[in-house]
Amino acid sequence: MNRDEWYDLARDLDWTLSYVDEKQAFPDEWTGAGDIPPSAWKDWDEPFRASYREYVRVQREKDASAYAVKEAFKRARGFDRLDAGHKAAAILHMGAVAMVEQMAVNMEGRFARFAPSPRWRNIAVYGMLDEIRHAQLNLSFSHDLLKQAPQFDWAVKAFHTNEWGILAVRHFLDDTLLGSSCVDSAVVTNLTLEHGFTNMQFVAFAAAAMEAGDVSFSNILSSIQTDEARHAQQGFPTAAILARFDRKRAQDLLDASFWRSLRLFHLLTGPAMDYYAPVHLRKHSFKEFMTEWVVHHHLRVLEDMGLAKPWYWDQFLLSLEHGHHAAQIATWFWRPTLWFNPCAGISRAEREWLVEKYPAWEDSWGVLWDEIIRNVNAGNMGKTYPETLPALCNLCQLPLGTALDRHHLQPYTTTYGPRLYYFCSEPCQWIFGLDPERYAGHMNIVDRFLAGQIQPMNLEGVLEWMGITQDVIGNDGSQYRWAKDYAR
Amino acid sequence: MGETRKEATRNRLRTWSALGELGRTPTEYEIVTHAMNHTTTRPLPLEMGPDTFGNRYLRRHRDEAAISVPDWNRFRDPDEMTYRKYNRVQDEAETFVDRVLDEYAERRRTDLDHAPEWLDGLQAMLTPQRFAVHGLQMSAAYLAQIAPASYIGNAAAFQAGDELRRVQRLAQRTLQLRLAHPERAFGTKDRERWEQDRDWQGARRAIERTFVARDWDEAFVALNLVVKPAFDAMFLASLSALARRHDDEVDALLLENLVADSQRSARWSRALARFAIDQRPDNRAALRLHLAAWRPLGDELIAGGSTLLARFGSAGDDGAVARGALDALAAEAGVG
Amino acid sequence: MAGPQPFPIYGRFVGDFVPHLVSALTTDSMPELAEKVAVHSVGRRLPARPGGRYEVLLAGKVIPDQVTLGELVAERRLPPLSWFDVRWRD
């Protein structure tokens, strides 16, 4: 039997509800169809078809292979021998991503229940299963490594804490994965974040992990990525229908999701690529990677939809020069608030690489690192640590100034109701303005601190509130060895 | 600030700190399922404003549900289903079904042998199920997203997978029957039957009503203790037996095989209800209230289904058997 | 006049990449405020200048030394977390 011959019989299963009200069964807050007419959804069609029968067979084989590699690596105790930079990247990844995979199960469940097309609802069931796979692979990998690195505990623990990076991830992803309509989620998560950003990043990260000698992690990432195309595809037909019937909504959604994904990537991917990855193994810089893969993909999507480039494109390009360098120095400096050990990534050799890839690096960032280096070599370690919280964006939750560099640092504020809101950038401010009611009730960490929610009101209190314990508290990944390059 | 980590005094972690003091090695199932819902352990589920739709919805329909326990993460699915295990189990089940369809329908072409009365029966009872099961699939997915723990949500997600499986197998049978009997145009009138056939309306009403059961505990009782077991009793178990009486081994074997998926759902559902009652005896009253509200819908589903089966030669006691199955499930769940 | 009240501000030392949360007091003079802001940047990510002095700017205008934060707050109805810049006085 040819799958194409029975496929429609398995997916064209809408009927007219008689015993419940349509709007009650498909509330717009969950469906998100808005003004798009119901008939528009008849055209929804997934690019990749799959039968359940093929699914369970193929996935069973994939897992047999992925778990076997993981077992072999575990027995060989390979993780011990890996580079500090790779360890940092792996622990960061597991803490930030394992729970997100499980959250995606929830989102796919939303599609499977509330999507306005039965074809879409069906595909989402595979999506639910895929994301369970990803969560469970990540957890299995991390659990194996607990004895060698207790920081892998954060694969489960992270999202139960108030660690600031995790709160930043949650502000975006609790919204789009757990608190948004199907249509919005499909465009923001599937199309932009998954297909546009993480899909690319997993491939790059898998290659980097392989280069670093972490066969198991590389294998898991690659294996996960083979599932991505199948469920990330939900974004395309949805966005196409949206663009046809509500261009402004499509444009705004794509522009907002691109910027928010970028900010997440500045934090989670930029430092890993440009500072943690061993310098002699780096195939491309973060900027090169983003330009070649992410930008290219996003521009093609916009073109296909007949939409324009984001209005903030020039700011985006400038942000590619700086955003992740800002994230690097911020996370390194505030390293006790991390559950992993960040690498400074500024030995002479690494610095040369940075300067070659980013001509503005010395003036924008090198100057700041030089003072840190002086303090390390003089033994003034206290000065290499912070004594207060940085100012934070009320949208992306990241420190003000970290979308660009110190020369572009300026206040962006909005007064809404009784409150004053700060933003790291014009795009973040704009996103807030698109739907202030969605964001205005939220308190960032500074707001919570000032409201007395963090006690005692000092850095020890902050660390405890963030769930940072002595066995995970972050410190320099290479015990400051890089500072010797600069010692007289 | 500025201290180095005390390597020597660090406690070696044997398992997730979230599992606490288990006093034993965790199972693979626990390792990959435990505490994987971060929205249930804090007063504000989502990192959004407190009055945003998502937060209000979860607080109202999940966190303020009538049933509560100290920790839903203590629940365990008796099948300890993980993704790995799910695909292993279902790949084997699908292999069996492949062989049945290949052997009987493709090779022996047994569909050509059926009496017209049975072909009428298949058009009335088998192929229109696709719509009903799509509805069951949707509600299983709802349960997956509203469940208060990953131990529960994952089980519901696998249940949605099972329904997708069933729909596709029914679609394949629809195609096979259409090819064997082109003049009957199998599948083309299924939506009409589902929407209009008097004997399908009990099922349709019950399934549609599950679409507006928002509170997670009500959604659970409605779908997993009433509507799905009622539907499966009629349209898997009883229909399978009826198919066999009509010498339709293909459909008998297929539906029988699908019963295993249904039984798996019943197992974790029973266990969940008992868990809720063990943890807090007051939960029993709340569960029974939901059951009382939904059982009549289940009975109507059974009545319609039983009339339908009787039109095609069933002994007429399918209804009693199905109602008995519902009673037994409720009793075993501690809510009878 | 009431005793010193805490008043949180965002303080950015010009040249650093990030402003900080600074717990100032209404009785702080501008040099005192400047010190509280500068301590998070000068000597940490920007070099100190022996003998150097600071000045404080609000909305781009230098504030005279003797003005207190409390006076500024009252006069301009400043909300908490108002943004202050601190830089080297040339």
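The chains referred to below are lettered A, B, ... by the order of the sequence lines, with proteins before strands, and numbering in each begins at 1.
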Side-chain donor or acceptor of A:D153 paired with backbone N/O of B:S17 under 3.5 Å:
yes
Partner chain B: residue of A:R11, A:E29, A:H442, A:R170 with the largest heavy-atom pair count (under 4.5 Å):
A:R170
With a 4.5 angstrom heavy-atom cut-off, which part of A:P118 approaches chain B: side chain, backbone, both or neither?
both
Measure the OG1-CD distance between A:T16 and A:E22 for me, rounded to the nearest 0.5 Å.
8.0 Å
Name the option with the most non-hydrogen atom pairs under 4.5 Å to chain A; the candidates are B:A144, B:S150, B:A35.
B:A35
Side chain, backbone, both or neither: which part of B:R205 has a non-hydrogen atom closer than 4.5 Å to chain A?
both
Toward chain B, the part of A:F172 with a non-hydrogen atom under 4.5 Å
neither
Are A:F333 and A:Y385 close enough that their ring centres sit under 6.0 Å apart?
no
Could you check whether B:R204 pairs with B:E208 (Lys NZ or Arg NE/NH1/NH2 to Asp/Glu carboxylate O, under 4.0 Å)?
yes
What option among B:E28, B:E163, B:E47, B:M36 has the most heavy-atom pairs under 4.5 Å with chain A?
B:E47
Tell me if the CZ atom of A:R49 is crowded by more than 12 foreign heavy atoms within 6.0 Å.
yes
Of the backbone (N, CA, C, O) and the side chain (C-beta and beyond), which part of B:D98 lies under 4.5 Å from a heavy atom of chain A, both, or neither?
side chain
Taking only residues two or more places apart in sequence or in another chain, which ones pass ring-ring contact (aromatic ring centres under 6.0 Å, His included) with A:F340?
none
Assess A:R113 against A:F26: is NZ or CZ under 6.0 Å from the centre of the six-membered ring, and within 45 degrees of the ring's axis?
yes
Taking the side chain as C-beta and beyond, is there a heavy-atom pair between B:E80 and B:E30 under 4.5 Å?
no
Where on B:E195 is there a heavy atom nearer than 4.5 Å to chain A: the side chain, the backbone, both, or neither?
side chain
Given a strict heavy-atom distance threshold of 4.5 Å, which part of B:T52 is in contact with chain A: side chain, backbone, both, or neither?
side chain
Region of A:N138 that comes under 4.5 Å of a non-hydrogen atom in chain B
neither
Backbone N/O of A:N106 and side chain of B:Q145: donor-acceptor pair under 3.5 Å:
no
From the list B:R84, B:R14, B:M48, the residue making the most non-hydrogen contacts under 4.5 Å with chain A is B:R84
Sorted by chain and residue number, the ring-ring contact (aromatic ring centres under 6.0 Å, His included) partners of A:W6 (sequence neighbours excluded) come out as none
Residue among A:E5, A:M107, A:R110 with most heavy-atom pairs under 4.5 Å to chain B
A:R110
Would the B:Y29 and B:Y151 ring centres measure less than 6.0 Å apart?
yes
Leading residue by heavy atom contact count with chain A [cutoff under 4.5 Å; candidates B:F211, B:Y142, B:W16]
B:W16
For each of A:L167, A:V105, A:D14, tally heavy-atom pairs with chain B at distances under 4.5 Å, and name the one with the top tally.
A:D14
Identify which of A:Q24, A:R438, A:H171, A:R133 forms the greatest number of heavy-atom pairs closer than 4.5 Å to chain B.
A:R133
Side chain, backbone, both or neither of A:E437 within contact of chain B (heavy atoms, under 4.5 Å):
backbone
Centre of B:F186's six-membered ring, under 6.0 Å away, within 45 degrees of the axis: is that where NZ or CZ of B:R173 sits?
no
Using atom types as modelled and distance alone, determine if a side-chain donor or acceptor of A:T337 lies under 3.5 Å from a backbone N or O of A:W334.
yes
Check each atom of B:P45 against the heavy atoms of chain A and say whether the ones under 4.5 Å are side chain, backbone, both or neither.
backbone
Identify, with sequence neighbours excluded, every residue that meets ring-ring contact (aromatic ring centres under 6.0 Å, His included) alongside A:W120.
A:W44, A:F111
Would you indicate whether A:R57, at its atom CZ, is surrounded by more than 12 heavy atoms from other residues, nucleotides or ligands within a distance under 6.0 Å?
yes
Just give me the residue among A:M1, A:Q59, A:M128 that pairs up with chain B most often, heavy atom to heavy atom, under 4.5 Å.
A:M1
Bottom line for B:T15: the part with an atom under 4.5 Å from chain A's heavy atoms is both
Most heavy-atom pairs under 4.5 angstrom with chain A, which of B:H34, B:E106, B:R169, B:Q201?
B:Q201
Donor-acceptor check, side chain of A:S142 to backbone of A:L139, threshold 3.5 angstrom: yes or no?
no
Give me the contact list for residues 130-137 of chain B versus chain A, heavy atoms only, anything under 4.5 Å, ordered by residue number.
B:R130, B:F131, B:H134, B:G135, B:Q137
Just so I understand: if I count every heavy-atom pair under 4.5 Å between each of B:D51, B:T95, B:T33, B:N55 and chain A, which residue has the most?
B:T95
Backbone N or O of A:A115 within a donor-acceptor pair of the A:R121 side chain at under 3.5 Å?
yes
Top residue by heavy-atom pair count (under 4.5 Å) with chain B, among A:Q397, A:M103, A:M99?
A:M99
